[in-house]
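Let me begin by presenting the structure, written as structure tokens, before commenting on it.
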Amino acid sequence: MGKIGIIIQREFNERVRKKSFILTTILTPLLFIGIMVVPALLMKLKTSGPKEIAVADASGIIAEQLSNEGQLRFLPKDASLEELKAQKNNGELENLFGILVIGKEVMENPRDVQLYTYESSTLDIENAISQQIEKIIEEQKLKQYDIDSLPQIMAAVKTDVALTAFRIDENGNDKESSSILSMGLAYVFGFLIYMFVFIYGAMVMQGVVEEKSSKVLEIMVSSVRPYELMMGKIIGIATVAITQFLIWMVVMFIGGSLAMQAFAGDLAASASTMPGAVPPGLEEVNPETIAAIKSITDIGFLVNILGGFLVYFIGGYLLYAAMFAAIGSAVDNVADTQQLQLPVTIPMILALIIMLNVMRDPHSSMAVWFSMIPLTSPIIMVARLPYGVPIWQLVLSITLLYASFIFMVWVAGKIYRVGIFMYGKKPTFGELLKWIRYKY
Amino acid sequence: MDILKVEHVSKRYAGHTALDDVSFSIPQGSIYGLLGPNGAGKTTLIRIINRITAPDQGKVWLDGREIAPEDIYKIGYLPEERGLYKKMRVGEQALYFAMLKGLSRREATRRLKEWFVKFGIQGWWNKKVEELSKGMAQKVQFIVTVLHEPKLLILDEPFSGFDPINANLLKEEILQLRDKGATVIFSTHNMSSVEEICDHITLINRSKNILSGEVNDIRHRHGNNIFQVDFRGDREKLRSALEGQAMILEGSEEDTIYNSLKIHIPSNAQVREVIGFINDQVEIRSFREIIPSMNDIFIRAVAGNLADQKEQ
């Protein structure tokens with residue numbers, strides 16, 4: 001086993017055995033599954049008991065037509081707001097959630113509607129009430145036109161468009177595509193790259209600073225070349241990151257398919273019975289959903305996305321880790337790294353901001369340019385992948401990324417070699433650049 | 001035979017010269033003191049021997065060949081700034097360093113167990129380094145340095161941080177390694193330990209080699225013809241009698257229960273004459289040359305006051 005191999009092994013073993021690694025590796029997928037499952041569970045368990053709302057309707061039109069919906073129970077009352085309040089206070093209407101007051105001239109003045117509640121009300125409740133009242137008033141107004149067979153006409157007019165999107169690939173074959181899924185994947189994977197590069201890049205930096213401040217480097221450099229030491233650390237931590245990512249993928253896949261099984265039935269049922277209140281994208285089993293399900297179960301598509309993710313993650317990580325290693329070598333403690341980190345963090349944050357734009361228009365010239373520039377391409381290109389990217393762009397971008405990684409390792413190696421023996425004053429960027437030209 | 005030869009080595013950093021045309025050679029099987037005040041260039045020289053940095057000019061020869069990358073397996077280096085991974089376990093860490101020095105895992109384990117027994121630290125194998133005291137960590141570090149049985153050991157202040165008992169244990173180990181054939185370069189400021197264990201030294205000051213040679217030879221060479229005579233008899237009588245023969249030096253005489261005087265005799269040829277003269281005056285109990293300590297020589301050399309010193 002070569003020396004780099006021994007170093008990689010140590011970096012891997014030390015980090016993988018840490019409690020913090022084991023915890024984040026287990027907890028993160030649980031968190032993700034939680035984020036996916038909890039809303040579904042909440043929808044299931046939403047009925048926190050009926051909410052009684054007394055209706056004081058001065059117009060006499062609305063109250064009778066309000067229908068109980070979800071948890072809302074409407075109680076038409078022939079009383080004023082003050083009287084209803086008194087009834088709640090003396091216990092006659094003990095379970096009252098709120099009082100809805102409708103003005104006498106509500107047909108002409110639809111703003112004359114007030115809701116008084118004893119607990120905080122929610123946007124859902126308020127929307128449900130105002131939608132019902134709007135509908136009742138609209139129907140009343142329509143009736144005043146005296147149109148024959150109005151209900152039949154209304155039913156005949158009502159239309160629902162269901163658009164199915166296809167993407168034509170280079171071979172002229174078309175395939176159902178889902179822009180919601182693409183967007184979701186773009187966002188998740190772009191963000192994952194950002195997170196991984198930062199977390200693990202910073203880990204490289206901390207490792208270097210720790211070796212330097214604990215003077216371990218003094219012994220190390222008498223048995224290995226600084227370059228081997230730096231590469232061993234960078235690659236060792238990369239193996240930790242990849243291990244973690246693979247564990248996450250497996251856990252998420254298993255957890256995801258279990259959750260799918262548990263909730264698929266419920267989702268379909270709720271989609272057909274209760275229109276309106278569910279989040280967009282799931283209103284009905286619409287073509288978008290079908291396309292999404294088709295794509296996500298399409299192995300070729302998945303391999304494309306995951307493979308692209310890995311290639312860009314590794315390239316991006318290596319590029320940034322080399323920079324982080326150089327920074328770590330230049331300072332004596334982690335606190336001093338803040339300022340030197342700026343040129344590393346700025347392109348990353350910039351990439352994240354651009355990514356949000358790219359997701360809206362993945363083939364704009366901005367998207368193409370930033371998916372070529374190596375400092376931003378790992379995030380931007382991964383975000384573009386689900387939308388389909390021409391092969392030549394992919395090849396060019398990957399070549400640029402890995403070429404600049406090799407260049408950066410060379411530069412970082414030079415800085416590292418000088419930096420690890422420099423103690424005391426925190427260097428400036430100018431000095432770091434000078435170190436590159438030092439000869440040893 | 002010389003195991004290590006440093007030939008006209010110079011090293012400049014931006015703004016200052018760390019080493020300026022330094023040459024010396026280290027005989028096989030010696031304990032060689034590398035001395036010098038802080039910032040003189042010792043660490044740079046050690047780094048060059050270790051191949052951590054390369055000299056701007058000059059060459060380093062190990063075992064008759066110009067030093068090459070694989071020679072680091074023949075060298076064991078104990079830096080002045082001790083460092084171990086704090087979170088790692090002692091045994092694993094020692095194994096790691098040993099493997100980086102080219103030992104197989106099995107061989108390294110076997111040797112480590114031996115050393116741990118020798119130092120009475122068998123119980124530490126699974127301890128984390130951060131649980132160890134400074135002296136304990138030093139022991140581990142020493143073991144790591146010598147484990148691959150290097151031909152050349154470079155020890156930078158090896159005794160700092162040890163109590164006298166452990167320092168003695170370490171000294172015995174160093175001497176034993178020497179007896180088994182290792183050559184030791186010993187960098188220190190502690191001159192009494194130099195007298196105790198070094199047979200040769202090189203003194204570096206302001207990036208130059210200002211004094212090289214065998215310790216005994218150097219000490220004799222730099223004796224200033226100062227003698228101490230212990231006697232029974234009248235001190236004042238001797239004192240006045242010696243006027244013109246030798247210079248009486250003031251200052252405390254070294255341990256004696258007799259009357260005693262320190263004198264300077266200008267030339268060696270006069271020594272027997274002076275003894276005869278003193279013998280006529282008083283009853284001599286002892287007469288000996290006061291040989292300067294390495295400490296004196298160090299201070300005088302650095303101040304530039306040695307008689308035969310090379311030009312600075």
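Heavy atoms only: backbone and side chains are in, while hydrogens, waters and symmetry mates are out. Within every chain, numbering begins at 1; the chains are lettered A, B, ... in the order of the sequence lines, protein sequences first and strands thereafter.
- Between the OG atom in Ser223(A) and the OH atom in Tyr77(B) there is a gap of 11.5 Å [rounded to 0.5 Å].
- Neither the backbone nor the side chain of Gln93(B) comes within less than 4.5 Å of any heavy atom of chain A.
- Gln141(B) contributes atom CD, which lies 3.5 Å from atom CD1 of Ile219(A) (distance to the nearest 0.5 angstrom).
- A heavy-atom distance below 4.5 Å is found between the side chains of Val216(A) and Phe97(B).
- Residue Tyr227(A) places its OH atom among 12 or fewer non-hydrogen atoms of other residues, nucleotides or ligands, all under 6.0 Å distant.
- To the nearest 0.5 angstrom, Leu95(B) atom CG is 10.5 Å from Ile6(A) atom CD1.
- There is no side-chain donor-acceptor pair under 3.5 Å between Tyr85(B) and Glu14(A).
- More than 12 heavy-atom neighbours from other residues, nucleotides or ligands sit within 6.0 angstrom of NZ on Lys74(B).
- Distance check, rounded to the nearest 0.5 Å: CD1 of Ile52(B) to CZ of Arg417(A) gives 12.5 Å.
- Only the side chain of Glu210(A) comes within less than 4.5 Å of a heavy atom of chain B; its backbone N, CA, C and O stay farther away.
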Please evaluate residues Lys87(B) and Lys18(A) with respect to the criterion side-chain contact (heavy atoms from CB on, under 4.5 Å), reporting the C-alpha separation (whole Å), side-chain torsions for both, the decisive distance (0.1 Å), and the verdict. CA-CA 10 Å; Lys87(B) 305 273 176 201; Lys18(A) 266 191 191 159; 5.7 Å; no
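- Within the 4.5 angstrom heavy-atom criterion, only side-chain atoms of Arg17(A), from C-beta onward, approach chain B.
- Around the CZ atom of Arg105(B), the shell of radius 6.0 Å holds no more than 12 heavy atoms that belong to other residues, nucleotides or ligands.
- Judged by distance alone, the side chain of Lys101(B) and the main-chain N or O of Ser222(A) form a donor-acceptor pair under 3.5 Å.
- Both the backbone and the side chain of Ile7(A) come within less than 4.5 Å of a heavy atom of chain B.
- Of the two parts of Arg89(B), neither the backbone nor the side chain holds a non-hydrogen atom closer than 4.5 Å to a non-hydrogen atom of chain A.
- In this structure, NZ on Lys86(B) lies 6.0 Å from OG on Ser213(A), to the nearest 0.5 angstrom.
- Residue Glu80(B): no heavy atom, backbone or side chain, is found under 4.5 Å from chain A.
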